[in-house]
Amino acid sequence: MSECIFCKIIRGEIPSRKIYEDDEMFAFTDIDPAAPVHFLVIPKKHIPSLLELETEDIGLAGRLLHKAQELAKEPGAGGGCGQNGARFVINAKRDGGQTVDHLHIHVLGGRALGWPPG
Ligand code: AMP
Ligand code: ZN
């Protein structure tokens with residue numbers, strides 16, 4: 001069994017505030033939100049980072065992105081970001097600021113976000 005914390009969240013071994021789940025992905029609220037809306041969309045397949053995405057994962061990656069924007073527009077957990085917008089972030093490895101080595105899309109919204117990142 002994977003010791004990865006996001007794999008444990010998927011298996012229900014670590015509690016999370018689930019927003020969405022289907023057979024290939026899982027979405028949940030970030031435990032340390034950086035904005036009023038901050039949730040993560042992850043594949044159930046353990047892909048360590050975007051830099052390890054393989055050709056066979058292309059369809060999955062597209063569906064993750066599609067679900068991320070769909071959830072961002074939902075009035076409930078997604079925060080209804082369809083009008084004002086949101087930011088979709090994928091940190092990859094050390095210089096990208098990745099701290100959990102399981103591919104995830106951050107969805108941030110509910111306030112105007114600065115750019116560029118520090
Ligand atoms: P990153 O720095 O891009 O790897 O993002 C990892 C994110 O996972 C951070 O924003 C953390 O706050 C979040 N995180 C870590 N552990 C948990 C957890 N148990 N439940 C929800 N979010 C978590
Ligand atoms: Zn994992």
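Only this structure's heavy atoms are used, side chains among them; waters, hydrogens and symmetry mates stay out. Counting starts at 1 for both ligands and their atoms, in listed order.
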Checklist entry - Which class fits the ring pair H38 and H106: parallel under 30°, tilted 30 to 60°, perpendicular over 60°? => result tilted
Is there any N or O on [X] that sits under 3.5 Å from an N or O of ligand 1?
{"X": "V100", "result": "yes"}
{"X": "H38", "result": "no"}
{"X": "L40", "result": "no"}
{"X": "I5", "result": "no"}

Next on the checklist: So which atom in K45 and which in D57 form the shortest heavy-atom distance, rounded to 0.1 Å?
Outcome noted: NZ-OD1, 2.6 Å
Check for a donor-acceptor pair, side chain of [X] on one end and backbone N or O of [Y] on the other, with a separation under 3.5 Å.
{"X": "Q98", "Y": "K93", "result": "yes"}
{"X": "H104", "Y": "H102", "result": "yes"}
{"X": "R63", "Y": "I58", "result": "no"}

Item to check | Close-contact set for ligand 1 against Q98 heavy atoms, below 4.0 Å | outcome: 4 (O)
Checklist entry - Near G97, which atoms of ligand 1 are under 4.0 Å from a heavy atom of that residue? => result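 Atoms satisfying the 4.0 Å criterion: 1 (P), 2 (O).
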Item to check | Location of contacts on N91 toward ligand 1, heavy atoms closer than 4.0 Å | outcome: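 The answer is the side chain.
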Checklist outcome for this item: Counting heavy atoms under 4.0 Å, the part of F6 that contacts ligand 1 is side chain
Item to check | Metal site the Zn ion (ligand 2), protein N/O/S atoms found under 2.8 Å | outcome: 4
Checklist entry - Checking K67 against Y20: charged group under 6.0 Å from the ring centre and within 45 degrees of the axis? => result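 Yes, K67 and Y20 form such a contact.
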